[in-house]
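The block underneath contains the structure these notes are about, expressed in structure tokens.
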Number of protein chains: 2
Amino acid sequence: MKPRNTDSPRYQSQKQAAIRAAAAVFSEKGFHGASTADIAERLGIKQGSLYYYFDSKEEALEDVCLYGLRQYVDNMDAIAGTDEPFEARLLAVVGNHLGSYRSKSEALKVHNDERLYLPAERRVRLKKLGTHYREQLELMIHDGVAAGAVRETIDSHFLAQSIIGVCNGLGEIIVRDPEADVFELARKCTDLLLHGMVPGHYKGE
Amino acid sequence: MKPRNTDSPRYQSQKQAAIRAAAAVFSEKGFHGASTADIAERLGIKQGSLYYYFDSKEEALEDVCLYGLRQYVDNMDAIAGTDEPFEARLLAVVGNHLGSYRSKSEALKVHNDERLYLPAERRVRLKKLGTHYREQLELMIHDGVAAGAVRETIDSHFLAQSIIGVCNGLGEIIVRDPEADVFELARKCTDLLLHGMVPGHYKGE
DNA sequence: CCATTTTTCTATAAGTCTATAGAATTCGCT
DNA sequence: AGCGAATTCTATAGACTTATAGAAAAATGG
């Protein structure tokens, strides 16, 4: 183990850069397909030097996943804490999810696709964040039911998973097409989830 | 290159078994994380012997992906070819998608998560099948609009991607919980897509 | 039941990868 | 400029992988 000053501003900014470099490489080649040499090269240093910032390749993956997930979950907490009407909160949730694909697509993609390759003990913190996210969403749905904005016959676990699924599906559009209008997509997505695709319901549009 | 009789019934059944073994291992460890030794072990033969059935590890991945995708796409063709009303066809599509997670979850999961690690020239056949699938779905949506079953304001690319997304999201429930009732999930999913989560629309339920 | 074909095994070459240790360089500060 | 700390470099051990070649074993069929 090397001596390192984890508080120095230089260390912090390089570590941040290292995480982003790892995110980019993992997202392109996958965890096992990427080598530490790939990550170091993108960062502009040599392979061995990378171990100044990560104790192991697995730690790098964990850091990338946490980085990708953190802001995303924080935003959810903020949304769940407001007393906006259900529809507005749903729009905010969808917007947050889709927005993450644009701003930090790589780290979040790595979390989605590669986190399973982490050993169980490295996944605890991620799991906590993930279940927290879903719980907040399910609570929101319960509120929606109580407020009469959501049918009582829909169970919240099913619905939460559906919402997450649609967002991930649309995330592919966002990643594929850098021109895609994220806000417009979020609006259409929320509308679909609320009112379905069938025409002629009272809400005129 | 070894001499092999690809027509003998024994070869065919062992090759099938090899593809399934590869699917299981790739799905658990990922393409790069899995070794040819892992696949051979699951099949009950030695590492070197595997090359009697695959020219390379990449070919194994391609075969697994094709295996996972084929039946899934064939079913879509059958569904698109009927003249059932739109709602019934949507239910069939969703049921097919969710059902695939139950029956061949491993190969389809491999296709979803690992196909990107194939070199471009090995991906052509997969791409063809995939875009064919989405085109059929978009055509179905156009029919639905023409028949008045779908709002005109929804664009079919967006909707197709949303449908695929919800199904993948619910696929996680199916994979996680072997007791989950796939047909019931498909019904609820179709209902959500058609009518949304908001209560009080004319269709009483 | 023997001869031929098919399938599997053993052994290994050649390459890649992670992680470490210690030397060399750069940085921040006075 | 010069000292000590922080950062990066070089070099390498040790493990693991894919793919191949030729020997061995098992199946097939006349």
Separation of atom CG in B:Asp55 from atom C1' in D:dT18, rounded to whole Å: 13 Å
Roughly, in whole Å, what's the span from CD in A:Gln12 to P in D:dA6? 14 Å
Of all of residues 33-46 of chain B, which get a heavy atom below 4.0 angstrom from DNA chain D, listed by number? B:Ala34, B:Ser35, B:Thr36
Whole-Å gap separating C1' (D:dT7) and CG (A:Leu50): 13 Å
List for me each residue that meets ring-ring contact (aromatic ring centres under 6.0 Å, His included) alongside B:Tyr133, sequence neighbours excluded, and say none if there are none. B:Tyr72
d(CZ, B:Phe54; P, C:dT7) in whole Å: 14 Å
Under the side-chain contact (heavy atoms from CB on, under 4.5 Å) test, residues paired with B:Ser13 that sit two or more places apart: none
Between the two end axes of the helix from C:dC1-D:dG30 to C:dT30-D:dA1, each built from 5 base pairs, what angle do you get to the nearest 10°? 30°
Report the C-alpha separation of A:Asp191 and B:Arg151 in whole Å, then their side-chain angles, then the decisive distance to 0.1 Å, and conclude whether the salt bridge (charged side-chain N to carboxylate O under 4.0 Å, His left out) test is met. CA-CA 12 Å; A:Asp191 183 49; B:Arg151 286 192 258 161; 2.7 Å; yes
Could you state the atom-to-atom distance from OH of B:Tyr51 to P of C:dC9 in whole Å? 15 Å
OH of B:Tyr52 versus P of D:dA25: gap in Å, rounded? 18 Å
Atom CZ of B:Phe31 and atom C1' of D:dT18: how far apart are they, to the nearest Å? 10 Å
Taken in chain and number order and not counting sequence neighbours, the residues that satisfy side-chain contact (heavy atoms from CB on, under 4.5 Å) with B:Ala80 are B:Gln136
When A:Lys57 and B:Tyr53 are each assigned the nearest nucleotide of DNA chain C, the 5'-most assignment goes to B:Tyr53
When we call it a touch if two heavy atoms are under 4.0 Å apart, what does A:Gln14 touch: a base, just sugar-phosphate, or nothing? sugar-phosphate
Any luck finding a side-chain donor-acceptor pair between B:Tyr101 and B:Asn168 under 3.5 Å? yes
Counterpart residues, side-chain contact (heavy atoms from CB on, under 4.5 Å), relative to A:Ser156 (two or more places apart): A:Glu138, A:Ile141, A:His142
Please tabulate, one pair per line, all N/O donor-acceptor pairs under 3.5 Å involving side-chain atoms of residues 123-131 of chain B, not counting sequence neighbours.
{"from": "B:Arg125", "atom 1": "NH2", "to": "B:Glu62", "atom 2": "OE2", "distance (Å)": "3.4"}
{"from": "B:Thr131", "atom 1": "OG1", "to": "B:Lys127", "atom 2": "O", "distance (Å)": "3.1"}
{"from": "B:Thr131", "atom 1": "OG1", "to": "B:Lys128", "atom 2": "O", "distance (Å)": "3.3"}

B:Asp177: which residues meet the side-chain contact (heavy atoms from CB on, under 4.5 Å) condition with it, sequence neighbours left out? B:Glu179, B:Ala180
Hits for side-chain hydrogen bond (donor to acceptor under 3.5 Å, both in side chains) against A:Asn75, two or more places apart or cross-chain, chain-then-number order -> A:Asn96
Whole angstrom is fine here: how far is it from CZ in A:Phe26 over to C1' in C:dT18? 12 Å
Give me, pair by pair, the N or O atoms of the protein and of nucleotides 24-27 of chain C that are less than 3.5 Å apart, along with how far apart they are.
none

Non-neighbouring partners of A:Gln47 that pass side-chain hydrogen bond (donor to acceptor under 3.5 Å, both in side chains), sequence neighbours left out: A:Thr36
Short side-chain N/O contact to C:dC9 OP1/OP2 from B:Ser49, under 4.0 Å: yes
Can you list everything that forms a side-chain hydrogen bond (donor to acceptor under 3.5 Å, both in side chains) with B:Lys57? Sequence neighbours excluded, please. none
